[in-house]
Amino acid sequence: MSNWVEEDAMEIIGGILILAGGLVSLFYGIIILIKAFQTSILWGLGSLFIPLVGLIFIILHWQITKEPFLRSLLAIPLIIVGVILMPQQM
């Protein structure tokens, strides 16, 4: 019985961590998109609709995108730990 409760608790904690990582990533991605639109409407639209333009914007405008980009990387360990805590489905 306690093993089943532990598995449920780990699944809930894993789901919460994955959700938190996704929200952190989304939040800082929106901040980077806002900075792209503040620079130019073309950078903003390109970042929104064309793959890799956002990454090019981050590289070319590192001084203004460094902080939100590095903070968005905080999502990676949250998502990894969340996935590890989720039970394996066979």
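As a basis for the values below, the full set of heavy atoms in this structure was taken, side chains included, without hydrogen atoms, waters or symmetry mates.
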Exercise. Atom CD1 of I50 and atom CG of L45: how far apart are they, to the nearest 0.5 Å?
Worked result: 8.5 Å
Exercise. Crowded around L52 CG? As in, over 12 foreign heavy atoms under 6.0 Å?
Worked result: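 Counting neighbours around CG of L52, 12 or fewer heavy atoms of other residues, nucleotides or ligands fall under 6.0 Å, so no.
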Listed partners of [X] passing side chain to side chain contact (heavy atoms under 4.5 Å, CB included), at least two apart:
{"X": "I18", "answer": "V83, M86"}
{"X": "L23", "answer": "L19"}
{"X": "L42", "answer": "S40"}
{"X": "I16", "answer": "I12"}

Exercise. Which residue pairs satisfy the ring-ring contact (aromatic ring centres under 6.0 Å, His included) criterion with at least one member in residues 27-49, sequence neighbours excluded?
Worked result: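 Non-adjacent pairs meeting ring-ring contact (aromatic ring centres under 6.0 Å, His included): W43-F57, W43-H61.
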Problem set entry | Any pair counted as ring-ring contact (aromatic ring centres under 6.0 Å, His included), so long as it reaches residues 62-87, sequence neighbours left out | W62-F69
Exercise. Which atom names give the shortest non-hydrogen contact between L78 and V24, and what distance separates them?
Worked result: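 Closest approach of L78 to V24, heavy atoms only: CD1-CG2, 4.3 Å.
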For this session: Taking all non-hydrogen atoms of both residues into account, name the closest pair between S47 and A36 and its distance.
Result: OG-CB, 3.8 Å
Seminar exercise, completed: For residues 13-22, the salt bridge (charged side-chain N to carboxylate O under 4.0 Å, His left out) pairs (sequence neighbours left out) are none
Exercise. Which residue pairs pass the salt bridge (charged side-chain N to carboxylate O under 4.0 Å, His left out) test with at least one member in residues 49-67, sequence neighbours excluded?
Worked result: E67-R71
Exercise. What residues join I34 in its hydrophobic cluster, counting side-chain heavy atom gaps under 4.5 Å, either direct or through other members?
Worked result: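 Joined to I34, directly or through intermediates: L26, I30.
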